Every structure is written in C-alpha cells, then in structure tokens.
There are 2 protein chains.
Amino acid sequence: MKHLLVKFFSQYKSLSEEDIKIIEDNAIIRKYQKGAILLKEGQYAKESYLVLKGCIRSYYIIDGEEKNTDFFLEYDPLVPISYIKNQPSKYFIECLEDCVLSIGKTERTEKLLLSYPNFIPLYRKISDDYSTNQLISTDKYRNLSPEEHYLEIRKLKPELLERIPQYQLASYLGIKPQSLSRIRKRLIHQK
Amino acid sequence: MKHLLVKFFSQYKSLSEEDIKIIEDNAIIRKYQKGAILLKEGQYAKESYLVLKGCIRSYYIIDGEEKNTDFFLEYDPLVPISYIKNQPSKYFIECLEDCVLSIGKTERTEKLLLSYPNFIPLYRKISDDYSTNQLISTDKYRNLSPEEHYLEIRKLKPELLERIPQYQLASYLGIKPQSLSRIRKRLIHQK
DNA sequence: GGAATTCATTCACCTAGGTTAACTTCGGTG
DNA sequence: CACCGAAGTTAACCTAGGTGAATGAATTCC
C-alpha cells in the first residue's frame, strides 16, 4: 500500500529512487474497517491522516442528531483541529468504507525533515496546498441554500455523490433524506 | 469624555490618582457622527476601538445585500480582524449612533506598558475578558432558528433591542424585517 | 405646519424544508 | 427460496420565512 503514498508525493515533485525509499521506509500505513472510529468527541487527537484509500466523514452530535461536517476521499489530508490546537475534539471521525491511511505525527515529521532536508520544500508545498482543503469548510457555504450547496458539490466533487449514502449527504447539507430526495427530483424534472 | 475611559478601567481594578492621570494623559478619544464609516471592505484597519458612547455595527455585503455580523455598545471593545491579522477587511464598520470612541494601537499600547509596567496585569485581564466577546460570534448561533436567536438576544442583550432599528436586527438574524415583525407578533400572542 | 422619508406592521400568496407514514428496492441471511 | 432490514422515494399536510404591496406612525425637512 506504500506505493499509494509515493503516488501522492509524486503529484508534487518528481521523486528519485532514493526519495521513494525514504518515503517507503518511514511511512506508517494503517488499515481500518468500515465503521471504525478514528476520533471521538472529547478525545485528544494523537495524529493526522492522509487518505490513501476509502472514505471518511467527520461529524458532531447536536440534540442527539449526527451532523456531518466534512468528507475525505483519496489523497485528502485530514488534520483534526484537536490535533492542531491540542484540545479535546468537538468532532467524531469515522470510516465510511474500509480505509487505508497514512499516519502523520508532527514530531516524527520534524525529525524526518532534519535528516532529509531536501524534503522541506516538498512539505511546504503540500501544507500550502492543504490550507485550501480545510476540515470544517462550512464558512464558504453558509450563504447557500441546501439545493445550491448540493449543486456545488455535484460540480466540485461529483465522485462524492457516487460514494456516500444519500442520508449522509443530507446530514451534511443540513436537511432530512426525504428533502434531498425531493431536491434531486426537482432538479431532474426541471432540466 | 476621558472619565468614561477611566470608568472602563476601574471596572477591572481600583485606580490611584496617578493611574487616572496616566490613563487620561495617554487616551486618544475621538467622536464620530451617526453614519460614519470606521472601516470599509478592502481597507486595512489601522486601529482598534473601545466604545465609550454610542452603537456600532459591523456588516458585509453579499449579493448586494448588507448582512450585519455584530453590534457593539458601551464598553464593548471592537478589534477588527483586519487589524489582528493585518489583512484587508472583509467587513464594514459603521456608527449607528453618534459615538465617542477610545482608540487603541498596538505599538502605542506596548510603549505605554513599558513605561508603566504596573498596568500590565490590568491589560492582561482586559484582553482575557475580551476573548469572550469576539467579533463575528456567528458560530455560537449557527444552529438556532431566527426566532430562537432573537430570544437569545432578548435574554442576553435586551438593551440592544431598544437601541437599534429592527431592520438592522433582522439583517443580523438573517431574515427580512417583515419576518421579524411576524416573529415578534407570534411571541406576543402565544405568551 | 405640511410634505416627504423612513421604519414598522400587516396581509395574501409562494416556496423550501420538516414530519409522518406508506411503499419499494435491494442485499444479505436464514 | 422467503424474510428482513436498510436506504431511497413519494405523498399529504404543516410551518417558517420570502415577496410584494398597502397602510400607519414617526422624523426630518422645507
């Protein structure tokens, strides 16, 4: 599974044989089953993730209802806010499919960059890129109706619609599954 | 008007005659007329404010519509995000009444604290207190319906309802003035 | 003092999404 | 094969807020 991580890095830079060896030797790869919980509300996150295979959701519980805040697919980096801020998490993180994840820990990464300083610009590129791909991106969509938000997703991440059950998407959009059904029907019949 | 600033400080600590003189000698107090714009979208904020008298709103414009994000009354500190992050502002800041404001600038404050280090714990107290009173507090109320949000405000800041026009409050709640009228009517008749 | 704004209220009508419940489809399991 | 449970769809009815227009009240302006 390490080749998937190499593939991820090679999106950013062409890698030498040696680079590849370093990446493979230092990778921590873990597999999780569908339904596995990576982080619970109240816990401190101990690591961050890169999705190599599978699909993950983050959600919180309000008034007894789960509300999805984000989904992560292949090559999405998932850095829990709890990990950055070293605070108890407000969110749950759960695998929606069987997953293969690369594990990231700050101290480890820093040590690695000391040993292999030529990876530093690569890491900078990746983390710059990541800043556009935030956990909890609600802000951008605050002003959209659920229908508009749905259309945005269909435009920007059409694959997501094929991958996750509709009731999970409905929860993300802030509506009931029945309403998402209705929206989809509306869109079919009016176009 | 400087006595209002002294009054503000004395909420946090009992002040000696000398303290009072220092505060008064170093205060920057400015008056603004109703309707004055303190900061426009795109500008860099050059200072922060403490409301000594009057009422201020911050808002942004989306699809040609103004949306209020916050109101500030007497003794509310107003630190533009643009000032903290040194970024162009996403918000407008406008006086809803004639205002008397105390002006704060970081370098100036820091110089002052060097000369008068006994003010340092006082400043710490004030800025700790401020962190609970953030600009853009939308997050807390994201899950409330406009009606619930209105009830929250009536409970927590009832004075605000007397001070600002209802269409300004409606904009804050994310609804039209007619709908706020309707909500108020509903609340009167059902209780 | 009268006219013109501005703001709040009310009404009729519309639309989106919630609620409840019935029905279907499908995949898994005995 | 029959049954079950989960997920999606549909429908009837409800509610909140939007829209546009009319009315009233209060302020400001000449």
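Computed from a prediction, not measured in an experiment: that's the story for all the values here. Numbered from 1 within each chain, the chains take letters A, B, ... in sequence-line order.
Residue pairs satisfying the salt bridge (charged side-chain N to carboxylate O under 4.0 Å, His left out) criterion with at least one member in residues 109-120 of chain A, sequence neighbours excluded, are absent.
Under a cut-off of 6.0 angstrom, the local environment of CD in A:Glu17 is sparse, with at most 12 non-hydrogen atoms contributed by other residues, nucleotides or ligands.
B:Asp98 places no side-chain N or O within 3.5 Å of a backbone atom of B:Gln33 that could act as its donor or acceptor partner.
To the nearest angstrom, P of D:dG5 lies 16 Å from OH of A:Tyr167. Going from atom CD1 of A:Ile164 over to atom C1' of D:dA7 covers 14 Å, rounded to whole Å. At whole-Å resolution of the value, CD1 in A:Ile188 and C1' in D:dT9 are 11 Å apart. Rounded to whole angstrom, the span from the CG atom of B:Leu169 across to the C1' atom of C:dC7 amounts to 14 Å. Remark: P of D:dG18 and CG of B:Asp63 are 14 Å apart, rounded to the nearest angstrom. Computed from coordinates, the A:Leu173 CG to D:dG8 C1' distance equals 15 Å when rounded to whole Å. Rounded to an integer number of Å, the gap from B:Tyr150 OH to C:dA8 P is 11 Å. Counting to the nearest Å, the C1' atom of C:dC7 and the CD atom of B:Gln168 are 11 Å from each other.
Contacts of B:Phe71 classified as ring-ring contact (aromatic ring centres under 6.0 Å, His included), with partners at least two apart in sequence or in another chain: B:Tyr172. Applying the side-chain hydrogen bond (donor to acceptor under 3.5 Å, both in side chains) rule to B:Thr106 yields the partners B:Tyr83; only residues at least two apart in sequence or on another chain are considered. When the ring-ring contact (aromatic ring centres under 6.0 Å, His included) test is applied to B:Phe9, no partner is found at least two apart in sequence or on another chain.
Through direct or indirect side-chain contacts shorter than 4.5 Å among Ile, Leu, Val, Met, Phe, Trp and Tyr, A:Phe92 is connected to A:Ile37, A:Tyr59, A:Ile61. Apart from A:Leu114 itself, the hydrophobic cluster it occupies contains nothing, where clustering links Ile, Leu, Val, Met, Phe, Trp and Tyr at side-chain heavy-atom distances under 4.5 Å.
Residue B:Ser181 places its side chain closer to C:dT9 than to any other of C:dC7, C:dT9, D:dG8.
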For this session: Using a 4.0 Å cut-off on protein heavy atoms (strictly under), produce a 5'-to-3' string for nucleotides 25-30 of chain D with B for base contact, S for backbone-only sugar-phosphate contact, and - for none.
Result: ------
Are there any protein N/O atoms within less than 3.5 Å of an N/O atom in nucleotides 14-20 of chain C, and if so, which ones and at what distance?
from, atom 1, to, atom 2, distance (Å)
C:dG17, OP2, A:Arg186, NH2, 2.8
C:dG17, N7, A:Arg182, NH2, 3.4
C:dG18, OP2, A:Lys176, N, 3.1
C:dG18, OP2, A:Ser179, OG, 2.5
C:dG18, N7, A:Arg182, NH2, 2.8
C:dG18, O6, A:Arg182, NH1, 3.0
C:dT20, O4, A:Gln178, NE2, 3.3

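Nucleic acid contact for A:Pro177: none, since no nucleic acid atom lies under 4.0 Å from a heavy atom of the residue.
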When the side chains of residues 158-166 of chain A are checked against the rest of the protein, which donor-acceptor pairs come out under 3.5 Å, sequence neighbours left out?
from, atom 1, to, atom 2, distance (Å)
A:Glu159, OE2, A:Arg163, NH1, 2.7
A:Arg163, NE, A:Glu97, OE2, 2.9
A:Arg163, NH1, A:Glu74, OE1, 3.0
A:Arg163, NH2, A:Gly54, O, 3.0
A:Arg163, NH2, A:Glu74, OE1, 3.3
A:Arg163, NH2, A:Glu74, OE2, 3.1
A:Arg163, NH2, A:Glu97, OE1, 3.0
A:Gln166, OE1, A:Arg184, NE, 3.1

